[in-house]
Protein chains: 2
Amino acid sequence: MIIRLDMQSDVPIYTQLMNQIIEGIASKQLAPGEYLPSVRSLASDIGVNLHTVNKAYTLLKQEGFIQIHRQKGVVVNPDGMPGITPDYQHKQEAQLRPVIAEAICRGMDKTELLRIVESFYDEITQEPKENA
Amino acid sequence: MIIRLDMQSDVPIYTQLMNQIIEGIASKQLAPGEYLPSVRSLASDIGVNLHTVNKAYTLLKQEGFIQIHRQKGVVVNPDGMPGITPDYQHKQEAQLRPVIAEAICRGMDKTELLRIVESFYDEITQEPKENA
DNA sequence: CATCTGTTATATTCGTTGTATAACAGATGT
DNA sequence: ACATCTGTTATACAACGAATATAACAGATG
């Protein structure tokens with residue numbers, strides 16, 4: 001999978017990494033059971049420190065997206081993804097409300113907003129386009 | 001309008017302030033032309049520093065949600081809200097994609113996600129419930 | 001036994017967040 | 001005139017987070 005980082009972004013690198021891996025799983029470019037690069041090789045590939053990658057992996061593990069095996073490496077959780085927990089629902093609400101509120105302020109129609117969300121949903125689930 | 005701050009949150013205070021004012025406008029608890037408390041009085045009300053409120057106000061002004069008049073105070077933009085600019089669309093995509101991707105990972109159905117977005121949209125536009 | 005894996009421990013640099021004072025400049029009300 | 005309100009600006013400081021840089025440890029593998 002191709003990782004794109006924006007070093008100018010105010011979004012932390014480890015967060016960008018987490019987001020891209022999660023989107024990779026959502027788009028089935030990464031399948032459960034599939035191995036991810038080691039912290040050291042990924043770090044050197046994308047030109048960041050080992051600890052930055054390790055932080056992303058550790059957080060993804062805590063949330064249940066991946067498993068980390070001591071001397072075998074990092075693997076997309078073969079037991080499936082975490083479900084819709086109450087904690088997750090709260091996090092999702094905290095993320096969605098401000099976005100929706102701003103859309104309303106700017107005069108975005110409800111159907112228009114839903115259309116946008118739907119199109120992103122489709123865009124993500126339709127990829128595995130791996131080859132660009 | 002009632003401001004609720006979570007001092008334990010990892011979301012910066014000035015961001016929480018911006019979000020709540022934007023949601024206040026979206027829910028019509030705050031109308032265009034309406035005056036907001038001065039930086040000093042709001043800061044003392046919610047128990048934070050003057051500069052923290054000032055930062056929120058300054059950013060809201062830069063984005064066009066409010067106007068700041070030198071010696072008269074801060075007012076919700078009476079000329080209307082900012083529209084759907086390309087910059088805004090990019091920001092919105094950057095905010096939405098990770099949320100949608102995680103929802104997909106966790107097995108959230110498209111119609112379920114749309115239902116959630118719609119219910120938040122309705123919840124915000126249906127308030128002015130001011131009295132709790 | 002060298003080499004790979006994740007893990008842990010320090011230390012350092014840098015930017016952001018939030019606070020704390022202080023002062024300035026213009027408008028308003030008495 | 002004068003006190004008082006407004007936003008604004010300038011510093012300084014403490015605390016934290018992000019990212020880097022080394023180094024070392026522990027277990028598995030070839």
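Numbers restart at 1 for each chain; the letters A, B, ... are given by sequence-line order, proteins then strands. Only this structure's heavy atoms are used, side chains among them; waters, hydrogens and symmetry mates stay out. A quick note: this is a predicted structure, and the numbers were derived from the prediction, not measured.
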Considering only side-chain heavy atoms of [X], which listed nucleotide, [options], is closest?
X       : options               : result
A:Thr52 : D:dA19, C:dT17, D:dG7 : D:dA19
B:Ser38 : D:dT6, C:dT7, D:dA19  : D:dT6
B:Asn54 : C:dT8, D:dT6, D:dT8   : D:dT8

Side chain to side chain contact (heavy atoms under 4.5 Å, CB included) evaluation trace for A:Tyr121 with B:Leu113: CA-CA 9 Å; A:Tyr121 192 106; B:Leu113 177 61; 3.7 Å; yes
Watson-Crick or G-U wobble partner of C:dA20, both distances under 3.5 Å: D:dT11
Pairing partner (Watson-Crick or G-U wobble, both distances under 3.5 angstrom) of D:dT29: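 By the stated definition (distances under 3.5 Å), C:dA2 pairs with D:dT29.
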Donor/acceptor link under 3.5 angstrom from A:His51 side chain onto base of C:dA9: yes
Separation of [X] atom [atom1] from [N] atom [atom2], in whole Å?
X       : N      : atom1 : atom2 : value
B:Gln8  : D:dG17 : CD    : P     : 12 Å
B:Tyr57 : D:dT8  : OH    : P     : 11 Å
B:Ile13 : D:dG17 : CD1   : P     : 14 Å
B:Leu60 : D:dG7  : CG    : C1'   : 15 Å
A:Lys55 : C:dT8  : NZ    : P     : 15 Å
B:Gln67 : D:dG7  : CD    : P     : 14 Å
A:Ile68 : C:dT8  : CD1   : C1'   : 14 Å
A:His69 : C:dT7  : NE2   : C1'   : 15 Å

Exam field: side chain B:Gln16 to backbone B:Val11, donor-acceptor pair closer than 3.5 Å: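 Here the side-chain-to-backbone pair exists.
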Backbone of B:Gly64 reached by a side-chain donor or acceptor of B:Asn77 within 3.5 Å: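 Side chain of B:Asn77 to backbone of B:Gly64, a donor-acceptor pair under 3.5 Å: yes, one is there.
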Worked verdict on A:Asp109 versus A:Arg115 for salt bridge (Lys or Arg N to Asp or Glu O under 4.0 Å): CA-CA 10 Å; A:Asp109 185 83; A:Arg115 189 189 55 73; over 6 Å; no
Hydrophobic cluster membership, B:Ile46 vs B:Tyr35, 4.5 Å side-chain cutoff: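 In one cluster: no.
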Residue whose closest nucleotide on DNA chain D lies nearer the 5' end, B:Ser41 versus A:Thr15: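 It is B:Ser41 whose nearest nucleotide is closer to the 5' end.
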Sugar-phosphate only, base, or nothing, as touched by B:Tyr14 at under 4.0 Å among non-hydrogen atoms: sugar-phosphate
Under 4.0 Å protein heavy-atom contacts per nucleotide of nucleotides 24-30 of chain D, with B for base, S for backbone only and - for none: B-BBS--
A:Thr52/A:Lys55 under side chain to side chain contact (heavy atoms under 4.5 Å, CB included): CA gap, chis, key distance, verdict: CA-CA 5 Å; A:Thr52 306; A:Lys55 183 166 185 179; 6.0 Å; no
Partner of A:Glu102 by side-chain hydrogen bond (donor to acceptor under 3.5 Å, both in side chains), out of B:Lys91, B:Gln92, B:Gln95: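 So the option named by the test is B:Lys91.
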